[in-house]
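What follows is a single structure, written as structure tokens, with notes after it.
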Number of protein chains: 2
Amino acid sequence: MKKTSLNDIAKALGVSKALVSLVLNNRGDEMGINKETQRKVIKMAAKLNYKPNLVARGLRLGASKNIGVIIPDISNPFFARIARTIEDEAGKLGYHVTFVSTDENPQKESRLIRLMLERQSDGLIIASSQPNTADILNLRRDNVPFVLIDRYFPQVKTNYVVVDNHKAAYNVVTHLINLGYRKIALVKISPEYLTPIRFRLAGYRDALRDHGIRYDKHIVREIPFGEGLANQMEPMMHDLLFRPLSVEAVFFLNNSLALAGLEVINRMNLRIPQDVAIVSFDDIDVFRLFHPPVTAVAQPYREMAKEAVRILVKEIQSPHKRNEKSQMVFAAKLEIRRSCGFYK
Amino acid sequence: MKKTSLNDIAKALGVSKALVSLVLNNRGDEMGINKETQRKVIKMAAKLNYKPNLVARGLRLGASKNIGVIIPDISNPFFARIARTIEDEAGKLGYHVTFVSTDENPQKESRLIRLMLERQSDGLIIASSQPNTADILNLRRDNVPFVLIDRYFPQVKTNYVVVDNHKAAYNVVTHLINLGYRKIALVKISPEYLTPIRFRLAGYRDALRDHGIRYDKHIVREIPFGEGLANQMEPMMHDLLFRPLSVEAVFFLNNSLALAGLEVINRMNLRIPQDVAIVSFDDIDVFRLFHPPVTAVAQPYREMAKEAVRILVKEIQSPHKRNEKSQMVFAAKLEIRRSCGFYK
DNA sequence: GTGAAAGCGCTAACAT
DNA sequence: ATGTTAGCGCTTTCAC
């Protein structure tokens, strides 16, 4: 059973497909087409179970009404939330969304950017894992509407929506220091060139410095993104938490690190916060549920996603002034819970 | 700056676009096109930054190489995992994927199915929230390749990939009974007509019956899908856990329910499993990390997603024998942890 | 070896 | 008030 096209309806009725197109796009009245004719067209469309071919329409109109969203991993709760909000907000504006996951792999990301463009996405939202700006500069040169989210490139003028990672990390460390902790370890994830990681690290260093604590590279650690996270966490935590390092607090730079770290700490039968205090970046739901609840930096992901869509769609719809770029920096909120020994 | 098309390359070289198309699709040798000409075409394509328009190609070829995935909520970890695996597996077979979320809303699901078809998806993977089979029957009538996942319709012959929910729930309850629990509450989510919910409930009833325990409707509860979950959980837990009901164990029928329930139980300062034992369906990562770790039913989501893609792509690629339908029922695994008082 | 032409389904401009 | 035509970018058939 072949799909019904405009032509099939036109033939069945002995009219032209242009007329059918107009009627079905609710432009019948505007074009002064006979009410009765319109009725017949609509009826026949229903009878033949007509579904417009949006691909053909997109080809004709030069717009797909599709937004490509390129993120590291749709199964990471932080990005899943952002993705979901983007989906909803884009829907309100008449766009649908295609998500793809890069696994923090720059080559894969390049391929996926290309794929989205070949599939004629009208614009892109990207949480980029690129170490350099080549792809981004290409997009800009080609006048492709896009918005960076979560990560950006300070040296390039683009649209972006991020949080103030430096300040957020600074606040975390200050909070810990105020509670009396001095030996504060930091566990980050590679690739380390990403702006969120770099700025969080800088916030950590600056907070230490401003409180007269020396930066100690031995208690700043890194784990590569990927599956083996749990395995590497175990020896690392042993190393940090026992002599000679004996850190008092650990600041995890994202939610996956914190989850892996918590699992290890539980296995080691250490108490939080008595034996070690814990803070994480990214406030995922379950942090509230742990024993004790985990202090974490909450990013306003809804607002971020919403803004990203708003900026993108605006740029898509005004092809003329594509050189006005928007930069949005949101404040993150430190959700203080009991894992660092302070009870709200 | 306009996008480069085949025609632009053809003109720049004074050849026909047919030739360019052949060369760029690596069919130059096969068609015996001059090596030197091929080289020039490829060079010019690179110089003009040519990107094939996959939409136009799809229109011509009648295949988009796209799979539509329709699920309740991409930000639910269970579906996010499935989605991610589908993305990877489809990618291996040369397909890309579009995810959309229905929020368990049947009308929204109908609209999204239609949208995916209008966007010319070659096939669909659906975790359906429909109370009836109308949409499914339409899809079948129109010969659209699709695979149901997680939920299915027993009265309709379709492809589907699910777990044996009855058996899994039966095992959960049997496990609890063997540990000595008698008053076992069940908390389910609406819509209740979904096969997983129905079969899990049936498994619960059958296990009780087989062990000579009377089914008590007062300790079988339901919460509607949506935002207000936490609010409704609180009074419900009070009701179940204190007199006169005083249940000894609670079986949550999915991960969101269990998370909300755990939060309330923590707030009530009850101990797990001493005051109440807990089991959940869906084994999400964090269950391992709770104090105590939560016993849960693990679905083999990787295998399920992989099978769904395999079945779908096979059907897409063999338009002739579309009436051979595959039904896959996977066994779920009960991950026994300490939340029900049994220590492995 | 290469080119010309047709056509996928649609819509906009132009005719009548 | 309705129809005709052209063309979006691509691939395929057939002709030279």
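Per chain, numbering begins at 1; letters A, B, ... match sequence-line order.
Residue pairs meeting the salt bridge (Lys or Arg N to Asp or Glu O under 4.0 Å) criterion with at least one member in residues 90-107 of chain B, sequence neighbours excluded, are A:R84-B:D103, B:E89-B:K92, B:D103-B:K108, B:E104-B:R151. Residue pairs meeting the ring-ring contact (aromatic ring centres under 6.0 Å, His included) criterion with at least one member in residues 59-100 of chain B: none, sequence neighbours excluded. Sorted by first then second residue, the salt bridge (Lys or Arg N to Asp or Glu O under 4.0 Å) pairs that include residues 117-129 of chain A, not counting sequence neighbours, are A:R114-A:E118. Evaluation of the salt bridge (Lys or Arg N to Asp or Glu O under 4.0 Å) test over residues 37-47 of chain B, restricted to residues two or more places apart or in two chains, returns B:E36-B:R39.
Between B:Q317 and B:K65 the shortest heavy-atom distance is NE2-NZ, 4.3 Å. The shortest non-hydrogen separation linking B:S121 to B:S64 is CA-OG, 3.8 Å. Closest approach of B:D8 to B:K3, counting heavy atoms only: OD2-O, 3.5 Å. The shortest non-hydrogen separation linking B:T98 to A:T98 is OG1-OG1, 3.8 Å.
Heavy-atom contacts of chain A under 4.0 Å fall on DNA chain C between two terminal nucleotides, which in 5' to 3' order are C:dG9 to C:dA12.
B:L19 comes within contact range of the sugar-phosphate backbone alone, with a heavy-atom separation under 4.0 Å but no base atom that close.
Tested against A:S110, the residues A:N138, A:T102, A:D135, A:N105 include a single side chain to side chain donor-acceptor pair (under 3.5 Å) partner, A:D135.
Within residues 8-16 of chain A, the residues that have a heavy atom under 4.0 Å from DNA chain D are, in order of number, A:G14, A:V15, A:S16. Listed by residue number, B:S21, B:N25, B:R27 are the residues of residues 20-27 of chain B with a heavy-atom contact under 4.0 Å to DNA chain D. Sorted by residue number, the members of residues 37-59 of chain B with any non-hydrogen atom under 4.0 Å from DNA chain C read B:T37, B:L59.
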Exercise. Test side-chain hydrogen bond (donor to acceptor under 3.5 Å, both in side chains) on A:S5 and A:N53 and set out the steps.
Key: CA-CA 8 Å; A:S5 76; A:N53 181 331; over 6 Å; no
Practice problem: Decide side-chain contact (heavy atoms from CB on, under 4.5 Å) for A:T158 and A:F153; before the verdict, give the C-alpha distance in whole Å, the side-chain angles of both, and the deciding distance to 0.1 Å. | Solution: CA-CA 8 Å; A:T158 65; A:F153 299 92; over 6 Å; no
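The nucleotide whose nearest atom lies closest to any side-chain atom of A:A18 is, among D:dT11, D:dA6, D:dT4, D:dT4.
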Would you list the atom pairs, donor with acceptor, under 3.5 Å between side chains in residues 11-18 of chain B and any protein atom, with sequence neighbours excluded?
{"residue": "B:S16", "atom": "OG", "partner": "B:A18", "partner atom": "N", "Å": "3.4"}
{"residue": "B:S16", "atom": "OG", "partner": "B:L19", "partner atom": "N", "Å": "3.3"}

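With the nearest nucleotide of DNA chain D identified for both A:K17 and A:I33, A:I33 has the one nearer the 5' end.
Looking at heavy atoms from C-beta onward, B:L59 lies out of side-chain contact with B:V55 at the 4.5 angstrom threshold. Residues A:V147 and A:V161 are in side-chain contact: their nearest non-hydrogen atoms beyond the backbone lie under 4.5 Å apart.
To the nearest 0.5 Å, the span separating CG on A:L6 from CG on A:L48 amounts to 11.5 Å.
Counted by atom type alone, A:E87 and B:S101 present one or more donor-acceptor pairs between their side chains at under 3.5 Å.
Following rounding to the nearest Å, A:E36 (CD) and D:dA1 (C1') show an atom-to-atom distance of 14 Å.
Scanning for ring pair (Phe, Tyr, Trp, His ring centres under 6.0 Å) contacts around B:Y152 gives B:Y160, with sequence neighbours left out.
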Give me, pair by pair, the N or O atoms of the protein and of nucleotides 14-16 of chain D that are less than 3.5 Å apart, along with how far apart they are.
none

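The C1' atoms of five pairs define one axis at each end of the helix from C:dG1-D:dC16 to C:dT16-D:dA1, and these two axes lie 60° apart (to 10°).
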